Every structure is written in structure tokens, then in C-alpha cells.
Amino acid sequence: MDDTNSLIEQRRTKLAALLEGGINPFMNKFTPDIGCGESRAKFEAKTLSDGSPVKIAGRITAHRDMGKSQFIDLRDVSGRVQVYAQKQALGDAAFDQFKHLDLGDFIGVEGTLFLTRTGEPSVKAERFTILSKALRPPPATWHGLEDTEIRYRQRYLDLIANDDVRKVFLMRSAIVREIRSFFHGRGYVEVETPMMQAIPGGAAAAPFKTWHNALGCEFFMRIALELYLKRLLVGGIDKVFEIGRNFRNEGLSRRHNPEFTMLEAYEAYGDYETMMETVESVIRHVAQTVLGTLVIEHRNAQGEIYKTIDLSQWRRVRYKDLVREKAGDDWFRITPEERRRRASEELKLGGDIAAGYEDFEVTGAVFEKLVEPTLIQPTFVTHLPRQLVPLAKLSPDDPTTVEVFECCINGQEISPGYTEQNDPVEQRNSLEHQAGGEQQKLDEDFLVALEHGMPPAGGIGIGIDRLCMMLLGQESIRDVILFPQLKPRG
RNA sequence: GCCUCGGUAGCUCAAUGGCAGAGCAGCUGACUCUUAAUCAGUUGGUUCUAGGUUCAAGUCCUAGCCGGGGCACCA
């Protein structure tokens with residue numbers, strides 16, 4: 001980021017020369033009539049023909065100097081096209097200027113389409129305009145940009161240098177668009193609820209604090225959307241969803257960013273089974289429309305497939321059954337002491353079983369450490385212990401569990417869902433129990449809302465970032481978030 | 001917060017404790033159909049920072065900064 005290297009000096013000198021020659025290399029406006037990649041595609045598809053006039057604009061990404069003729073690659077979001085400049089056609093002065101363009105500069109070109117001898121669709125330049133002079137060199141395009149720190153801090157350079165990175169983010173945008181389209185198609189109403197909340201609720205997570213000057217009070221960045229969307233169920237919006245940012249003041253990892261995008265959707269008169277169907281359908285819809293397939297292949301740097309996820313088969317299985325598979329058939333028949341011992345010794349979870357863990361947390365550790373990472377194929381884990389989910393309703397057939405699912409794909413929880421608690425008395429009890437006597441954590445207004453009556457409903461959350469990781473074959477959440485959180489520099 | 005690996009030219013990377021290098025890009029020149037253009041020449045360094053050991057440190061030691069991976073935290 002220093003300003004003192006010779007490449008930058010050279011570009012500043014070129015800028016000064018242009019200005020001295022009466023040329024402003026930062027134009028206010030230039031209107032192309034076709035995209036770079038678009039012109040190329042239409043020429044290849046014969047929608048445009050040899051000699052068709054085009055007006056294009058883009059960034060110079062390659063320069064091949066042949067003496068009295070020059071080739072550059074011009075790129076915009078639609079793709080790349082080659083521009084051919086001849087000394088004869090442009091004249092001495094313009095040709096000399098063309099010759100001294102730099103990689104990274106934006107130019108506008110007017111010319112005609114033609115096919116080179118080697119068969120490359122190209123634009124023969126008749127006129128060109130410098131639209132924006134780049135004062136810093138772009139990253140080399142051959143190796144791409146690999147320095148992770150620069151890739152994340154200066155994502156624009158990553159997008160310029162790495163085609164596959166650009167594709168990932170364009171697809172993420174398409175994924176979110178298709179999710180919206182799916183829910184709108186089912187008659188859901190999309191809403192926006194407060195991100196700054198006096199009492200952050202709907203999850204057990206450490207919040208970020210902020211301060212409102214005029215009101216003179218503390219606020220918290222939201223950790224979930226849940227409690228406000230349920231107020232809207234009370235208010236009569238029977239199908240409601242929101243896609244928005246959550247903020248959790250926790251550690252960072254390959255799977256955690258302090259701010260992450262969550263979809264939550266609630267449907268009156270639905271239950272957890274309704275919502276399982278919804279999750280499966282929306283993910284199938286997104287995979288089919290954005291990727292054109294239900295079979296997701298994850299590839300390594302060498303292009304070899306190391307993981308395949310099949311979104312055409314969705315397994316439903318109870319939490320206790322999965323735990324028994326890993327921890328033994330008799331797991332729930334032995335004593336809590338034996339469970340603790342078996343988990344830490346035979347199952348080698350010693351370091352993961354804290355001394356203060358209650359019995360259900362010991363089982364929870366078995367699930368989290370031994371079961372969840374193995375759930376690569378789409379799996380609805382149902383009937384979780386009631387202590388894990390205070391906002392869901394008990395299962396009539398097993399009151400130690402709740403009507404809940406966790407949809408796991410790619411070894412991660414991608415979507416929880418449940419039959420929502422709408423009994424205000426039960427809800428108060430479980431929230432008070434969860435708050436553990438800290439009264440300020442109780443969202444009284446939410447409880448009052450429930451007392452006005454909330455219809456029976458099913459609800460889900462879908463972690464959009466993790467869904468994108470799964471669909472786009474990325475192993476780090478930082479590779480599906482444009483500007484992942486990093487420690488400030490300097 | 002802890003463990004671990006890494007940080008060298010614009011980019012990708014070399015360099016037994018002994019003159020800091022290569023390819024690409026850049027600059028100059030040649031070439032009117034190239035596409036990782038080619039050819040000739042050439043510039044470019046706070047080796048992350050600050051200390052220390054040593055005749056001599058990119059290299060060894062200490063502390064710190066930033067990043068990756070792991071752990072902890074995390075419904």
C-alpha cells in the first residue's frame with residue numbers, strides 16, 4: 001500500500017503527461033452500446049456480423065505490442081474482447097497514446113467487429129477515449145492473486161485477478177435472488193426488522209454493543225431475527241421472511257464471521273414438518289436454477305473432485321438414533337456418570353467435555369463432534385432434546401424432545417427449523433430458565449406480544465453463507481463473503 | 001485468549017549464517033493478425049517491525065504486528 005514504488009511513479013508521470021497534453025483521463029461519462037463479452041458472444045452467434053459497428057468500454061487486462069499494430073484485451077462484467085489498433089487507422093498521435101496505455105486503465109472504444117487470422121473475434125479500433133487512468137498496477141494475471149490477506153482486504157484486486165472468485169460472488173448474488181423469488185412465489189411477505197435492539201434475543205450469543213447519543217442508551221446489534229418476525233405473526237402477517245445480517249461477538253473461523261447473513265421464514269399454520277419440506281424445496285430450487293444440477297461437486301486446487309453432495313436425497317433421522325450410532329445402542333440406558341466417562345475416554349472427547357456440563361450437554365458434545373461433521377449428504381436431524389431449543393414446542397410422542405430439526409449438509413448445520421412455541425406461559429418459563437435470573441435479558445415486549453396470541457407456526461433459519469459454501473464448493477466462509485472481517489491494519 | 005505455520009521486487013516464488021535472485025509485469029528498442037506474443041537490453045528491495053547473538057543475519061534468538069490452519073467461544 002506504500003506510495004513510493006517505481007511502477008506508481010511511472011503511472012503518475014504518464015498521467016501528468018496526459019494532462020499536459022490537454023487530455024483529461026478521467027471522463028464523466030461514456031455510454032457503450034454493447035458489453036465487451038456480449039459483443040464477442042453475439043459475433044460468434046452471428047447476431048452481429050463482420051463490420052458491425054460497436055461502442056464498448058472496459059478495463060485493459062492484457063497488452064500485446066506488435067510494433068505498428070497493437071492488441072489489448074478489454075474486459076467488463078460481461079466478459080472479455082480483444083481490441084486491435086493499427087497505426088494507419090488511428091494516426092500517429094492517437095496510436096502513440098494507445099501504445100502507452102497501462103494495464104488496469106479503463107478506455108472506451110468505437111470500432112467494428114472482425115475476425116483475426118487466428119479466428120479471434122475482435123474490435124478494430126477507429127477511435128478510443130481514456131475513461132479512467134489506473135495509477136497503481138493490477139496484480140499479475142497469470143498466477144492470479146494468492147496472498148490471502150490482500151485477497152480479503154483488497155477484494156477488488158481478487159475480483160480483477162481471479163475469475164473463479166468473481167464467479168463465486170456473482171453466483172452468490174444469484175442464489176440470494178432465487179431464494180427471494182422462491183419465498184415470494186409461495187406468498188411470503190419480505191420484511192425488514194431492527195438491527196439495533198435494546199434486548200438482543202432469539203439466540204444465545206454474545207452481542208456487539210453500541211451507543212445511541214440522542215437517546216442516551218445502549219443498544220445491541222441483533223443476534224437473530226426471530227423475535228421480531230414472530231411479532232409479525234402476532235400482527236397477522238401469516239407468511240413472513242427476512243434476509244439480513246446477524247452479528248455475533250464470537251471467535252472467527254473457517255465457518256464463522258462476526259457478521260453473517262441469515263434467512264428466517266415463518267409460516268402460520270405450518271409446523272416443523274411443513275418447514276422441512278420448505279427447506280428441501282428452496283435448496284433444490286436454488287441448486288437447480290443457479291447451478292443447473294442437484295449434484296454438487298467440490299474440487300480441490302488441482303480440479304479433482306474430493307466431495308460430492310447429492311441434493312436429490314434427503315434423509316430424516318432422530319437425534320437420539322444418530323447419537324446411538326456413534327456412542328452405542330445403550331447410550332440412553334446407561335447412567336449419566338457412565339455417559340460422561342464413555343464420552344471422554346472411549347469416544348476420546350475428553351477435552352470437549354467441560355467439568356460443568358450437564359448430561360444433555362455431554363450428549364450434545366457427542367453429536368457436535370462425532371455426528372455433525374459426518375453429515376455430508378442432506379440430513380434432517382429431528383427431535384432434539386428440549387433443553388437445546390427453548391423456542392420450540394414439545395413433541396407429543398416424546399416430551400423430552402421438541403418438534404425441531406437441524407438440516408445438516410456438508411458437515412455443518414445449515415438450517416434449523418421448528419414448530420414455534422406459541423404458548424406465552426411456557427415461553428416465559430423457558431426464556432426465564434435460559435436467562436438464568438438475569439432479568440434484563442428477558443424481552444418483555446415479545447412475551448406481551450405472545451399473550452395477544454400467535455398462531456401455530458413453523459419457522460426456519462437458513463445460514464446463507466454456509467449454504468453458499470456448500471453450493472459453491474468453498475471451504476472457508478471468507479470465500480463467500482466479499483469483505484470478511486479482519487483485524488484493522490496499521 | 002491459546003497452539004501452530006507463514007510474511008523476500010507490483011505478482012508468483014528462490015536464496016548451507018557469507019555479494020538478495022528468477023519468471024511474469026514495468027521501462028527502452030525491433031516487429032502491421034497477436035493472444036501467457038516473440039526477440040534484445042534494462043530499472044526495480046525498510047527481506048513485516050523493534051531489539052539481540054555474530055567478523056557477518058532474509059536465515060539463529062527474544063518481543064511485537066498482520067494473515068492462514070487448529071483449539072476455545074459459538075442454539
Side-chain angles (χ1 to χ4, degrees), chain A residues 1-2 4-11 13-14 61-73 80-90 95 99-100 102-104 114-122 124 134-154 157-158 160-162 201-207 223-224 226 246 248-258 260 351-352 354 360-361 364 367-369 384-392 402 404 406 413 416-418 430 434 461 463 475-476 478-479 484 486-490:
Chain A
M1 295 291 272
D2 68 291
T4 55
N5 77 66
S6 64
L7 298 179
I8 293 173
E9 277 310 307
Q10 283 164 2
R11 284 169 183 250
T13 304
K14 284 186 183 182
T61 57
H63 185 200
R64 294 175 289 280
D65 181 352
M66 297 291 300
K68 292 190 179 59
S69 68
Q70 309 270 321
F71 295 89
I72 59 167
D73 288 344
R80 177 193 74 90
V81 71
Q82 175 171 264
V83 173
Y84 174 59
Q86 259 184 319
K87 189 167 192 171
Q88 213 170 19
L90 284 180
F95 186 78
K99 197 167 180 160
H100 288 93
D102 286 313
L103 297 187
F114 78 109
L115 209 57
T116 64
R117 248 175 243 163
T118 50
E120 171 95 4
S122 305
K124 189 176 290 179
L135 296 180
R136 290 171 184 267
T141 46
W142 181 234
H143 287 284
L145 179 67
E146 293 181 13
D147 184 309
T148 47
E149 191 168 350
I150 297 177
R151 287 188 48 230
Y152 296 152
R153 284 190 198 280
Q154 296 176 272
L157 297 179
D158 194 24
I160 291 169
N162 297 320
I223 55 175
E226 181 148 354
N246 282 349
R248 296 189 183 177
N249 208 338
E250 295 157 1
L252 291 70
S253 82
R254 225 155 45 89
R255 292 174 287 280
H256 299 82
N257 196 60
F260 61 100
D352 297 310
F360 77 92
E361 291 175 301
F367 179 79
E368 235 178 73
K369 299 294 170 189
L384 274 66
R386 57 190 294 185
Q387 300 94 324
L388 287 176
V389 194
L391 295 166
V402 276
V404 167
E406 275 188 10
E413 182 189 337
Y418 24 105
S430 57
Q434 188 191 34
E475 296 304 327
S476 171
R478 297 186 190 93
D479 292 322
L486 297 181
K487 197 159 177 172
R489 200 106 212 231

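This is a predicted model, so every value here is computed, not measured. Numbered from 1 within each chain, the chains take letters A, B, ... in sequence-line order.
Here the straight-line distance linking atom CG of Asn246(A) with atom CG of Asn257(A) works out to 12.0 Å at 0.5 Å rounding. Considering CG of Leu486(A) and CD of Glu149(A), their distance stands at 7.0 Å, rounded to 0.5 Å.
A72(B) is unpaired under the criterion used here, namely a Watson-Crick or G-U wobble arrangement in which both key atom distances are under 3.5 Å. The nucleotide G44(B) finds no pairing partner, because no Watson-Crick or G-U wobble arrangement with both distances shorter than 3.5 Å includes it. Checking A9(B) for Watson-Crick or G-U wobble geometry (two distances, each under 3.5 Å) identifies no partner in any strand. Across all strands shown, C31(B) forms no Watson-Crick or G-U wobble pair with both distances under 3.5 Å. When Watson-Crick and G-U wobble pairs are counted only if both distances are under 3.5 Å, C60(B) pairs with G52(B).
The P atoms of A72(B) and C65(B) are separated by 24 Å, rounded to the nearest whole Å. U4(B) and A40(B) are spaced 48 Å apart, taking the C1' atom of each and rounding to whole Å. Rounded to whole Å, the P atom of A63(B) lies 26 Å from the corresponding atom of A9(B). Taking atom P on both G26(B) and U53(B), the two are 46 Å apart, rounded to the nearest angstrom. Going from the C1' atom of G21(B) to that of G64(B) covers 29 Å, rounded to whole Å. Comparing G58(B) with G70(B), their C1' atoms are spaced 28 Å from each other, to the whole Å. For the C1' atoms, the distance linking G44(B) with A22(B) amounts to 14 Å, nearest Å. For the P atoms, the distance linking U46(B) with G1(B) amounts to 31 Å, nearest Å.
Set against G67(B), A25(B), U32(B), the side chain of Arg153(A) has G67(B) as its closest nucleotide. Closest to the Lys14(A) side chain, of the nucleotides C27(B), U35(B), C33(B), is C27(B). Nearest to the side-chain atoms of Lys487(A) among the listed nucleotides G67(B), C11(B), U35(B) stands G67(B). If you check U28(B), U12(B), A37(B) against the side chain of Met66(A), the one that comes closest is A37(B).
Scored by the side chain to side chain contact (heavy atoms under 4.5 Å, CB included) test, Thr13(A) finds no partners at all (sequence neighbours excluded). Looking at residues two or more places apart in sequence or on another chain, you find a salt bridge (charged side-chain N to carboxylate O under 4.0 Å, His left out) between Glu120(A) and Arg40(A), Arg80(A).
Each of Lys99(A) and Pro139(A) was assigned the nucleotide of RNA chain B with the nearest heavy atom; the assignment lying further toward the 5' end belongs to Pro139(A). Judged by closest nucleotide on RNA chain B, Asp147(A) is the one of Gly67(A) and Asp147(A) placed further toward the 5' end.
Spacing between atom CD1 of Ile72(A) and atom C1' of A36(B) amounts to 17 Å, rounded to whole angstrom units. Rounded to a whole Å, the NZ atom of Lys68(A) is 16 Å from the C1' atom of U34(B). Rounded to whole Å, atom P of A25(B) lies 12 Å from atom CG of Asp65(A). At whole-Å resolution of the value, CG in Leu103(A) and P in A36(B) are 15 Å apart. Following rounding to the nearest Å, Gln82(A) (CD) and A36(B) (P) show an atom-to-atom distance of 10 Å. Between the CD atom of Glu9(A) and the P atom of G45(B) there is a distance of 12 Å, given to the nearest Å. Distance, Ile8(A) CD1 to U43(B) P: 21 Å, rounded to whole Å. For the pair Leu7(A) CG and C11(B) P, the computed distance is 10 Å after rounding to whole Å.
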Side chain to side chain donor-acceptor pair (under 3.5 Å) for His63(A) and Gln70(A)? Distances and angles first, verdict last. CA-CA 7 Å; His63(A) 185 200; Gln70(A) 309 270 321; 2.6 Å; yes
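At the heavy-atom level, Gln86(A) lies under 4.0 Å from base atoms of the strands shown. When heavy atoms are screened at a 4.0 angstrom cut-off, Gly364(A) is found touching no nucleic acid atom at all. Residue Phe114(A) is in base contact, counting any heavy-atom pair closer than 4.0 Å across all strands shown.
Contact of the Val81(A) side chain with the Asp73(A) side chain is not registered, since no non-hydrogen atoms from C-beta on lie closer than 4.5 Å. At a threshold of 4.5 Å between non-hydrogen side-chain atoms, the residues Thr116(A) and Ser122(A) count as touching. In this structure, the side chains of Arg151(A) and Glu146(A) stay at 4.5 Å or more apart for every pair of heavy atoms. For the pair Phe260(A)/Arg248(A), a side-chain contact is recorded, criterion being any heavy-atom separation below 4.5 Å from C-beta on.
The base of U35(B) is paired with the side chain of Glu120(A) by a donor and an acceptor separated by under 3.5 Å. Residue-to-nucleotide contacts include no donor-acceptor pair under 3.5 Å from the side chain of Ser6(A) to the base of U43(B).
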Per-nucleotide protein contact along nucleotides 68-75 of chain B, 5' to 3', at a 4.0 Å heavy-atom cut-off (B base, S sugar-phosphate only, - neither), is SSS-BBBB
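With no hydrogens or angles considered, no side-chain donor-acceptor pair links Tyr152(A) and Asp147(A) at under 3.5 Å.
The shortest distance between the side-chain N/O atoms of Arg64(A) and the OP1/OP2 oxygens of U34(B) is not below 4.0 Å.
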